[in-house]
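In this chain, numbering begins with 1 at the start of the sequence shown.
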Amino acid sequence: KMMAPTRARHALSRLAARAFSDSADASAATQRAELYKASMKHVRAGMGWSVEAIAAGAQDLGWSPGAHGIYARGAAELVEDFARETNAAVRQQLLDTPAVEGQPTADKLRHAIDLRLDRLKPYASSWAQAIALQALPHNVRHTAHTVGEAVDITWDYGHDMLALP
């Protein structure tokens, strides 16, 4: 007879834990997005792709500089967030301005690449540092994913196959 109430309590505990976990995940994603935005100001201002830029961003938000730990692999994850944001923005720009019918594939590819390069301009002085971080052995798997996504977006646009994800 005691089994049913105990099971019910465990089920409720699991549901509460899942709800807390989902809420915590959403909160962590929001904090990371805020920290990303604040940190990028410091990347542009000359601190480059560094833990120091992330810590300065945290301080701008009124957080402890130790909040840079939100990026477990440091500045490499900041570069990855930038790459993901760039991929999403370029995809959206390409979808918003479809290629002219009959436009040569090379011209469409050039346009897609130009859009990407325009997004990199504010970071040109430190982009070599970003690439170096991405090339580190422990970051290559993550880099391959974001670079592959960038190639897919460009290629799909050049061949009139670009669609929403």
Non-hydrogen side-chain atoms of [X] and [Y] separated by less than 4.5 Å:
X    : Y   : result
I131 : W49 : no
D96  : Q92 : yes
E77  : D81 : no

Tell me if a side-chain donor or acceptor on T143 pairs with a main-chain N or O of Q134 at a distance below 3.5 Å.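 Yes: the side chain of T143 pairs with the backbone of Q134.
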Check: N87 side chain, I153 main-chain N or O, donor-acceptor pair, under 3.5 Å: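 Judged by distance alone, no pair lies under 3.5 Å.
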With rounding to the nearest 0.5 angstrom, report the [atom1] to [atom2] distance, [X] to [Y].
X    : Y    : atom1 : atom2 : answer
T154 : E149 : OG1   : CD    : 10.5 Å
Y157 : I113 : OH    : CD1   : 12.0 Å
N139 : R73  : CG    : CZ    : 4.5 Å
L115 : H111 : CG    : NE2   : 4.0 Å
T86  : R116 : OG1   : CZ    : 6.5 Å
K108 : L94  : NZ    : CG    : 11.5 Å

Are [X] and [Y] in one and the same hydrophobic cluster, where Ile, Leu, Val, Met, Phe, Trp and Tyr link if side-chain heavy atoms are under 4.5 Å apart?
X    : Y    : answer
F82  : L35  : yes
I54  : W127 : yes
V43  : L61  : yes
V90  : M40  : no
Y123 : Y36  : yes

Full working for side chain to side chain contact (heavy atoms under 4.5 Å, CB included) between H42 and D60: CA-CA 10 Å; H42 295 282; D60 288 351; 2.5 Å; yes
Quick one: closest heavy-atom pair of [X] and [Y], and the distance?
X    : Y    : result
A53  : G48  : CB-O, 3.4 Å
G57  : A38  : O-CB, 3.4 Å
A55  : P65  : CB-O, 3.6 Å
W63  : Q31  : CH2-O, 3.4 Å
L133 : A75  : CD1-CB, 3.7 Å
R110 : D107 : NH1-OD1, 2.9 Å

Salt bridge E85-R119, side-chain N to carboxylate O under 4.0 Å: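 Counted as a salt bridge, because a side-chain N and a carboxylate O are separated by less than 4.0 Å.
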Could you tell me which residues satisfy side chain to side chain donor-acceptor pair (under 3.5 Å) with Q129, sequence neighbours excluded, listed by chain and number? none
Listed once per pair and sorted, the salt bridge (charged side-chain N to carboxylate O under 4.0 Å, His left out) pairs that draw on residues 41-57, sequence neighbours left out: none
Does atom CH2 of W155 have more than 12 heavy-atom neighbours from other groups under 6.0 Å away? no
